[in-house]
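Position 1 is the first residue of the sequence, and the numbers go up from there. Predicted model only: the values in this text are computed from it and were never measured.
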Amino acid sequence: MRHILILGGTTEARQLAAALAEQPSVRVTSSLAGRVAEPRLPAGQVRVGGFGGPAGLAAWLREQQVHTLIDATHPFAQVISRNAAEAAAAVHVPLLTLRRPSWVPVEGDRWHQVDSLAAAAAVLPSLGTRALLTTGRLGLAEFAGVTGVHLVARSVDQPDPPLPPRLTVLLARGPFTPAGERAVFAEHRIDVLVTKDSGGAATAPKLAVARELGLPVVVVRRPAPPAHGVVVADVAQVLGELGLH
């Protein structure tokens, strides 16, 4: 029986775990970072918490006789992705990196693409006065020095300080709908959106609403995946790489 470890926390990771759990020849374990208080648990075995860096992950892969490592974390989870690549290479375990495709601007979009949250914070005051931030609670410190802008930050859990001085926190978990996003934009008088290029459909309605309203959108480009391993775009491609259907 093949043991497959999924580094998860995303919608695709849960979908993949469900698909693999139905395979009689596969034992699937999903690893969650533990940053969300009440995560949605995937099918199969689940472990929560870090491994202790690439060396700890490599040891776990060896001890648990993992046949394939699948990095299905968020596209911006750079540390765990780098650790996964190093660990897989060290113990010669095949690595698949599951990355949903990037969002692509279409006609009517007013995107301002930047390379970091710091760059997003720097350009923000020139674009609006009430910003919806959908960049995650862990990056809010980058906006602590922003002046002249009221920030409305959406997060699954309450963010920790340091926090921007003019801040409203919306506790919510996707997927989101166009109607729901229109209501948020209207209620909070949003005139600029800040987001990471997470890709996928679950949180894309905010982009469509910003387009409808003609609002500027600051988009933080995603980092490139590690060079080690094979990058795939969806669950079907993962199953194909594993020889499963």
Ionic contact status for R221 with D197, cut-off 4.0 Å | no
Connected hydrophobic set around V231, excluding itself, where side chains approach under 4.5 Å = none
Kindly compute the distance separating CG (L98) from CD (E241), expressed to the nearest 0.5 Å.
-> 11.5 Å
Evaluation steps, side chain to side chain contact (heavy atoms under 4.5 Å, CB included), between K206 and T195 | CA-CA 9 Å; K206 62 191 173 188; T195 187; 2.9 Å; yes
Verdict with supporting geometry, V156 and L171, side chain to side chain contact (heavy atoms under 4.5 Å, CB included) = CA-CA 5 Å; V156 174; L171 296 181; over 6 Å; no
With distance as the sole test, does D157 use its side chain to make a donor-acceptor pair with the main-chain N or O of P159 at under 3.5 Å?
-> no
Pair up each side-chain donor or acceptor in residues 51-59 with any protein partner under 3.5 Å, not counting sequence neighbours, and list the distances.
none

Minimal non-hydrogen separation, F185 against L213, with atom names | CD2-CD1, 3.8 Å
Not counting sequence neighbours, which residues clear salt bridge (Lys or Arg N to Asp or Glu O under 4.0 Å) with R154? List them please.
-> E181
State which residue, out of V238, T68, L20, fulfils the side chain to side chain contact (heavy atoms under 4.5 Å, CB included) condition with I6.
-> L20
Linking Ile, Leu, Val, Met, Phe, Trp and Tyr through side-chain heavy atoms less than 4.5 Å apart, which residues share a cluster with V104?
-> none
Say you draw a straight line from CG of L132 to CD1 of I190; how long is it, rounded to the nearest 0.5 Å?
-> 5.0 Å
Taking every non-hydrogen atom, the tightest pair across A120 and V220 = CB-CG2, 4.2 Å
Inter- and intrachain pairs under ring-ring contact (aromatic ring centres under 6.0 Å, His included), touching residues 93-125, at least two apart | none
Check whether L133 and V218 end up in the same hydrophobic cluster, where Ile, Leu, Val, Met, Phe, Trp and Tyr are linked by side-chain heavy atoms less than 4.5 Å apart.
-> yes
For E212, the salt bridge (Lys or Arg N to Asp or Glu O under 4.0 Å) test, sequence neighbours excluded, returns R182
If a pair satisfies ring-ring contact (aromatic ring centres under 6.0 Å, His included) and one of its residues is in residues 188-226, list it, with sequence neighbours excluded.
-> none
Same apolar cluster: L127 and L193, side chain cutoff 4.5 Å | no
Transitive ILVMFWY side-chain link W60 to I4, under 4.5 Å = no
Return each pair, listed once, that meets side-chain hydrogen bond (donor to acceptor under 3.5 Å, both in side chains) where at least one residue sits in residues 222-237; pairs must be two or more places apart or across chains.
-> S102-R222
Closest heavy-atom contact between A119 and D115?
-> CB-N, 4.5 Å
ring-ring contact (aromatic ring centres under 6.0 Å, His included) partners of residues 62-86, not counting sequence neighbours, each pair once = H74-F76
With F176 via ring-ring contact (aromatic ring centres under 6.0 Å, His included) - residues at least two apart | none
Report whether L140 and V123 are members of the same hydrophobic cluster (ILVMFWY, side-chain heavy atoms less than 4.5 Å apart, transitive linking).
-> yes
Sorted by chain and number, sequence neighbours left out, salt bridge (Lys or Arg N to Asp or Glu O under 4.0 Å) with R2 holds for none
Got a sec, which residues hit salt bridge (Lys or Arg N to Asp or Glu O under 4.0 Å) with R14, two or more places apart in sequence or on another chain?
-> none
Under a single-linkage definition using a 4.5 Å side-chain heavy-atom cutoff for Ile, Leu, Val, Met, Phe, Trp and Tyr, are L95 and L244 assigned to the same hydrophobic cluster?
-> no
